[in-house]
Amino acid sequence: MNEPAANPHVPRPLLEARGISKSFPGVRALDDVQITVHPGRLNALLGENGAGKSTLMNILAGVFPPDAGEILLAGQPVRFKNPRAAQQAGIAIIFQELNLVPGLTIAENIFLGREPRTASGLLDAARMNREAAALLAEVELDADPRTPVGQLRVGAQQVVEIARALSLQARVIIMDEPTSAITRHEVAVLFRLIRQLKARGAGVIYITHKLDELKEIADDLTVFRDGRFIAARTFAGTSREEMVRLMVGRDLTDLFPKTSTPGTAERLRVQRLSLRHPGRPGDFLVRDVSFSVHAGEVLGLFGLMGAGRTELLQAIFGLHPRHATGEVWLDGRAVSPGSPRAAIAAGLALAPEDRQREGLVLSHSVAENATLACLAKICRYGLLQPAREQELVGGYVERLRIRTPTLRQAVRNLSGGNQQKVVLAKWLATEPRVLLLDEPTRGIDINAKKEIYTLVDELARAGLSVVMVSSELPEILAMSDRILVMATGGLTAEFGRGAATEEAIMQAALPAGKN
Amino acid sequence: MNRQSLTVQLRRFQSLLALVLMVAALSAASPNFLTVDNTLNVLRQISINLCLSLGMTLVILSGGIDLSVGSVLALAGAVAAGLLKNGLALPSLNLLIQVTVPGAIVVGLGVGMVLGWANGVAVTRFKLPPFVATLGMLSIARGLTMLWTGGFPVTGLGDDFGWLGTGHWLGIPVPVWISVALVGACLLLTRRTPFGRHLYAVGGNERAATLSGLAVNRIKIMVYLLGGALAAVAGLLVTARLDSATPNAGLGYELDSIAAVVIGGTSLAGGRGSILGTVLGCLIIGVLNNGLFLLNVSPFWQQVVKGAVILVAVAADKAGSRRDH
Ligand SMILES: Nc1ncnc2c1ncn2[C@@H]1O[C@H](COP(=O)(O)OP(=O)(O)OP(=O)(O)O)[C@@H](O)[C@H]1O
Ligand SMILES: [Mg+2]
């Protein structure tokens, strides 16, 4: 791993962290780890959920100090008191979880803390908006810099974060799962920008669970496991199997276990469901969608970002009482429209796309989150029974292999992937008849993905119906009994298992008129 | 790691530690402080603020705030007192209904619940920010109190009613018994009932609570209703204690109760905090008031000191939670 440094033709590392350790109450997040970033190269940091990747990035970006270890920036030891100090030293970070102020505009967010000023010291809004517009053009985000960030979809917010990091002109840029929520086009733009950064001589640390991305951008690899440093390699010399083995600690075969077959009984029927755009009269987010799901069937729902998949699931789940029309039937009975409460009572469950904003109460414990939708189950004589709660949640923690020191740990302190598993646990605990999953493997490591696929398969075999929205074609193709494709709010195609190809699905997913 | 978990432990007992230190210092400074009489006196004095603060804790946990508690206290007390003293006159029917003590109590509580319910409806149905909705109610209820009493105190309510405020049972003042029972009920409510979990969840992340199938609006209305009911209890206790309902009763009490909740470590953003913290907060404020009084500190300085204690308590809490972030 010292290979590049020993080579006299490679310049001295931009950033080097050595012997870094960090503990949180009850958790040793990092134990003597290291990472090296060279100018003009991208180092991909790999590891399972909870391996300590984000923790190290937070340390490098000055969010909190390490318990031990040293950081060298261009050979000089540094110690950052706060994120601002790291920023001034030339380290920019795109955090794993969005870090924008929703009420401020795009431009105000990009220049937060370093707003351009006029000669008299007042805020130079015109210049700020102009510069922001230029940055947005560079990242190809079609939005007015004066739009409040809260009005943007998650993916667009992520692009704003990218624009902000770019505007810092940093020497080292850290990207913690930047592609987990953005469109293919936005990914392509990001990769172009990364190449420009590298050409400029900047170093990049890039965290992802999508190994397929790496071939376009990666130069080096660093792998952590359980808070420990495992290996540093060059990307070119490492096979995909080897990456997985280094991350997981063993060979991982058969990522997609698919054994279930659908039953014949119709479980869920959605009839002529439409959802009006709340802001634009005459426009629809979901347009006249009808389909049904059988008992034990896994229905894949594919579409590009903005196709209306999330809105469709939300409408089925009763989240848009005022704007949705159409009917939802479960086991031959109409689900009374208009509230998630009724939907849950009927046997529906929705694991939402945005776990932090919609799925979890971050300040509450793993146990409290997992039982929130099924409190009646752990009650006796109207009182909560802690013992029952422990038992119920403990079971799911074990089954989903949620990594947490105790059930009382606040979910805020779990790694991203483990938070996602808590959301799943919460909905499985309601013992639903139909499970609606919106991007269930977003931000989840390869091993946990396999666990989730196995679980979905197991549940389907036991008769649960699953509707799975995903932007990842391989998982849709491998896990679904049937695939529906959406574009601009309507269904455009249906494929049986085996009849679908990536090309055909992509073709159907492109908005009409653009293909 | 051991050191860290120790600081976490310590932080939990921070306010308890502060209270113990205060009690130790005051008993050293004044021989009259740590006597049975004075202790019961302090407990009785804080029972009013405790009732208000229990309701305030529930409201704040759910992500709201209730500025109207002082006025609700006044109106509930005045209505009960008025009915007790004058009965309910219905001139059109040429009828005068005499009201008994239990009757007056029930109507007083009812007044608190209705006003609390109205707060809840304003916050949920009409989507007013809680600060604004309850600020409006603060003024409305105070005005109604003035109208009901004509601006004059209602006095001479009888011994039966007075027992609520001045009586003793097993040597302990009745208001203390009542507030202890209410603390127990609120503890049970927040810790062991689904409703308690719901209100924490609504305060912690309303969107996630909605998606989890909670009846968010119903929960909020219920929380404000309980806040109103507890304010009414405080109103009845004050009225009984003074044997008089004054139109200015409870003026500014909302500030003391918010202070108690905040000193007790409950987050004003909602979703985090505890009933026991609030009990500690009330004790700290009560002991402070009493101690400064015994030490002959001027009431003007008392205010300054109280404000400083609030700031120190919250700053210490913030510093602690920043550390493990
Ligand atoms: N503030 C905190 N308090 C307590 N534990 C924490 C805190 N932050 C992180 N942890 C723990 O430290 C470990 C490493 O977490 P980290 O977020 O660095 O993982 P990660 O590698 O980024 O995972 P993911 O791929 O899921 O994002 C986890 O076990 C996590 O629960
Ligand atoms: Mg992470």
Side-chain angles (χ1 to χ4, degrees), chain A residues 22-28 58 63-64 67 314 317-319 339-346 348-352 354-365 367-386 389 405 410-413 423 426-427 430, chain B residues 1-12 60-63 124 127 184-185 187-219 265-274 317 320-325:
Chain A
K22 177 81 189 173
S23 292
F24 297 109
V27 192
R28 192 154 181 82
N58 280 322
V63 178
F64 43 65
D67 297 342
Q314 290 180 344
F317 198 59
L319 263 173
S339 86
R341 212 174 149 70
I344 292 168
L348 283 162
L350 169 65
D354 187 339
R355 57 181 171 249
Q356 298 224 336
R357 266 192 279 182
E358 310 206 302
L360 299 166
V361 186
L362 288 173
S363 56
H364 292 183
S365 71
E368 284 164 337
N369 272 285
T371 54
L372 186 57
C374 70
L375 284 174
K377 262 198 204 146
I378 53 168
C379 276
R380 203 163 163 197
Y381 313 121
L383 294 183
L384 300 172
Q385 304 297 318
E389 180 170 42
V411 290
R412 168 173 283 126
N413 296 337
V423 175
K426 162 167 136 184
W427 290 109
T430 66
Chain B
M1 198 172 110
N2 260 330
R3 192 177 52 85
Q4 274 190 354
S5 56
L6 188 71
T7 53
V8 170
Q9 291 294 324
L10 271 183
R11 188 150 50 80
R12 193 172 294 162
I60 289 179
L61 279 177
S62 78
T124 54
K127 305 211 174 352
L187 272 177
L188 191 73
L189 187 78
T190 52
R191 291 190 167 185
R192 292 293 300 275
T193 66
F195 177 77
R197 282 286 174 84
H198 290 168
L199 83 91
Y200 273 91
V202 168
N205 183 346
E206 189 170 333
R207 175 89 181 149
T210 308
L211 272 159
S212 302
L214 309 194
V216 172
N217 285 352
R218 217 184 298 160
I219 292 162
T266 294
S267 155
L268 277 179
R272 254 170 351 106
S274 70
D317 198 41
S321 58
R322 211 172 23 238
R323 214 171 304 129
D324 63 6
H325 217 70

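What you see is a predicted model, and the numbers here were worked out from it, not measured in a lab. Quick note on labels: first sequence line is chain A, next is B, and so on, each numbered from 1. Excluded from the calculations below are hydrogen atoms, water molecules and symmetry mates; all remaining heavy atoms, backbone and side chain alike, are included.
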message: Report which part of A/Q356 has an atom under 4.5 Å of a heavy atom belonging to chain B: side chain, backbone, both, or neither.
response: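 For A/Q356, the backbone is the part near chain B, not the side chain.
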- prompt: Can you say whether A/T430 sits under 4.5 Å from chain B via the side chain, the backbone, both, or neither, judging by heavy atoms?
  reply: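 No part of A/T430 comes within 4.5 Å of chain B.
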- request: Kindly write out the residues that satisfy side chain to side chain donor-acceptor pair (under 3.5 Å) with A/N58, not counting sequence neighbours, or none if the list is empty.
  value: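 Once residues adjacent in sequence are excluded, A/N58 has no partner under the side chain to side chain donor-acceptor pair (under 3.5 Å) criterion.
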State, yes or no, whether a side-chain contact exists between [X] and [Y] at a heavy-atom distance under 4.5 Å.
{"X": "B/N205", "Y": "A/L362", "result": "no"}
{"X": "A/H364", "Y": "B/Y200", "result": "yes"}
{"X": "A/L319", "Y": "B/R207", "result": "yes"}

task: Go through the atoms of B/L188 and report whether side chain, backbone, both or neither lie under 4.5 Å from a heavy atom of chain A.
output: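 The answer is the side chain of B/L188.
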Work out which heavy atom in [X] is nearest to a heavy atom in [Y]; give both atom names and the distance.
{"X": "A/S363", "Y": "B/R272", "value": "CB-CD, 3.7 Å"}
{"X": "A/P340", "Y": "B/L211", "value": "CB-O, 4.4 Å"}
{"X": "A/R341", "Y": "B/A215", "value": "NH1-N, 3.6 Å"}
{"X": "B/P194", "Y": "A/G382", "value": "CD-O, 3.5 Å"}

message: Among A/I378, A/D354, A/L383, A/I344, which residue has the highest count of heavy-atom pairs closer than 4.5 Å to chain B?
response: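 The option with the most such pairs is A/L383.
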field: Contact winner vs chain A - B/A201, B/G196, B/S267, heavy-atom pairs under 4.5 Å
entry: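 Going by pairs under 4.5 Å, I would pick B/A201.
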message: Can you list everything that forms a side chain to side chain contact (heavy atoms under 4.5 Å, CB included) with A/P386? Sequence neighbours excluded, please.
response: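 Counting only residues at least two positions away or on another chain, A/P386 forms a side chain to side chain contact (heavy atoms under 4.5 Å, CB included) with B/R192.
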